[in-house]
There are 2 protein chains.
Amino acid sequence: MNVLEKIVNNVNSFSKSERKVADVILANPQITIHSSIAALAKMADVSEPTVNRFCRRLDTKGFPDFKLHLAQSLANGTPYVNRHVEEEDGPEAYTAKIFESTMAALDTARTRVDINTINRAVDVLTQAKKISFFGLGASASVAHDAQNKFFRFNVPVVCFDDIVMQRMSAINSAEGDVVVCISHTGRTKNLCDIAAIARENDATVIGITSYESPLAKECTLVLSLDVPEDTDMYMPMASRVAQLVLIDILATGFTLRRGSKFRENLKKVKDSLRGSRFEKKDLAN
Amino acid sequence: MNVLEKIVNNVNSFSKSERKVADVILANPQITIHSSIAALAKMADVSEPTVNRFCRRLDTKGFPDFKLHLAQSLANGTPYVNRHVEEEDGPEAYTAKIFESTMAALDTARTRVDINTINRAVDVLTQAKKISFFGLGASASVAHDAQNKFFRFNVPVVCFDDIVMQRMSAINSAEGDVVVCISHTGRTKNLCDIAAIARENDATVIGITSYESPLAKECTLVLSLDVPEDTDMYMPMASRVAQLVLIDILATGFTLRRGSKFRENLKKVKDSLRGSRFEKKDLAN
DNA sequence: CGCATTCTGTAATTTAATTACAAGATCTTC
DNA sequence: GAAGATCTTGTAATTAAATTACAGAATGCG
């Protein structure tokens, strides 16, 4: 439990001097963690042992241990918060807000994602005869990114952002094929159809979508992130970043499953890009 | 800055004994904060002053101060210090690591990005007669995403991931046109050519790329993120997420600059998607 | 009012951390 | 490849910090 809260809660059970200590600490927590017991005693106008007793009362081993707990409480105080961009925000403000809300979204996604499902998805992907990534609109770029990643693995992989192509591809799918449908809301009708068609043709369908959405119902495996989206901007932002990170995770799981020998393959792909580049190594585009 | 990251980043500048200390701390951060300098010295099999020197090298006042910083780092929820995915990592481990390293990358990007340049880029984009997004390989999906965003603004926007199309498009550009070239390394020859051609034809070229890269030299405006990329995986991951967030920022800046009336336009675009969806509102795909 | 209990401070003690210094290792340069 | 220089590292001494023991106040209760 947070030490600061603990102090506030127990404030009544303190003695007069202990209360003086509590007040000083609550007023200057940042200063406290960088003070010695002597300095703090002076600030609170009490003796050093009183400070020490105060710390013990809060179930810490002593003053240094108390400072440690206090430091942690302070650090926990301001995690990533989802801050909304407002009309009058200047460049510093909206830049900071977007970075922070994206990080907040990833933080949420991290706790909500189901590791088990990830593991099963990786299983399915490593054994796939063919992998297809389908997405529409904003999710199309996520699908493209996924293709770019899995393509490096030298696995048959396709990606379509065209409904007709998706449909044809889905109809031609067969057992052992994996179809990954990407949609934040999971309510895009066309994509639900695609998922249904693929399933009817015995493909395994992985949905990167919202839990309990119409699309989710059509899938064999659902990877849901349920990231809070700032709808003020009328654009998908954080949700799509979370989807990309999920793709990274699946791709990483894939390479790990394939073992170290496989990694050499990746290096070859990376090295192949060298010719198109100006000196120096490195792979990203 | 996070002490744990600092240790990981500076691991090369450490001496042999200091490195032993670093290893022990990274392996047992929780134990470290509850140990005395003597205990830690013993664990690392070095002398106490060595531990002290190690702490000083990390810009802390000494061992107790170092423990305070470490406690705060741990409180922020970073159990996986070594964020690099390793061969033997299970699904929980690599999932957590990828989320964390992506968040860390965004945190770095946030501090490194130049707000002034962002502001100028937004300026240029709002006044553009036409906007083009060009990227190759992994950056192509970022370009697609950017197109999807800016397309909603009802501005002439194109996006090509084909060198020939990019080239033709660049040659046809004119004053008032804005070309955005996306490349993490900034060393993709073809894209450098495109940037040069666009500039020769009086277009404004914005580079989302590494600072001081060949591509950066060809650009009117350079938006560099300089995110550390984990090259172990031979795939661009964190860098590309940072690029996307940058696109979000530019798009947000764009809408804010255009004022509230413009926002209604966005709502219209969003609403137009409703027909393709199953009940409920919301826009993302 | 006086005894008992709790609280608080002084001083002593212990423990921990830091500094000073010297020996050892490593790296250069001739 | 040896001599000098520089950088590392450990031992021992010193200093600083925290804790304990104890005693004197304060407060509460009969």
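Chain identifiers are assigned alphabetically (A, B, ...) following the order of the sequence lines, protein sequences preceding nucleic acid strands; residue numbering begins at 1 within each chain.
In this structure, A/R53 places its CZ atom 14 Å from P of C/dT6, rounding to the nearest Å. We find that CG of B/N52 is positioned 18 Å from P of D/dT14, with the value rounded to whole Å. Rounded to an integer number of Å, the gap from A/F54 CZ to C/dT8 P is 12 Å. As rounded to whole Å, 21 Å separates atom P of C/dT14 from atom NZ of A/K61. Following rounding to the nearest Å, A/D65 (CG) and D/dT19 (C1') show an atom-to-atom distance of 14 Å. Residue A/E18 contributes atom CD, which lies 11 Å from atom P of C/dG9 at whole-angstrom precision. In this entry the distance linking NZ of A/K67 with C1' of C/dA16 reads 12 Å, nearest Å. A straight line from NE2 of B/H34 to P of C/dT15 spans 20 Å, rounded to a whole angstrom.
Residue-to-nucleotide proximity on DNA chain C shows that, of A/E48 and A/R57, the 5′-proximal contact is made by A/R57. Comparing A/S47 and B/S35 by the nucleotide of DNA chain C whose heavy atom lies nearest to each, the residue mapping closer to the 5' end is A/S47.
Although no hydrogens or angles enter the test, the distance criterion places no donor-acceptor pair under 3.5 Å between the side chain of A/T117 and the main chain of A/L223. Side-chain N or O atoms of B/Q72 include one that pairs as donor or acceptor with a backbone N or O of A/A71 at under 3.5 Å. Formation of a donor-acceptor pair under 3.5 Å by the B/R187 side chain with backbone atoms of B/P214 is not found in this model.
Residue-level contact check: B/R19 touches neither bases nor backbone, having no heavy atom under 4.0 Å from any strand.
Ring pair A/F254/A/F150 is perpendicular by interplanar angle, where above 60° counts as perpendicular and below 30° as parallel.
The side chain of B/V46 has D/dG10 as its nearest neighbour among D/dA18, C/dT18, D/dG10. Of the candidates D/dT19, C/dA16, C/dT18, C/dA16 carries the atom nearest the B/S36 side chain, counting heavy atoms from C-beta on. Minimum atom distance to the side chain of B/I37 is reached by C/dT18, of the listed D/dT19, C/dT18, D/dT11.
Inspection of the B/R120 and B/N116 side chains reveals no N or O donor paired with an N or O acceptor under 3.5 Å.
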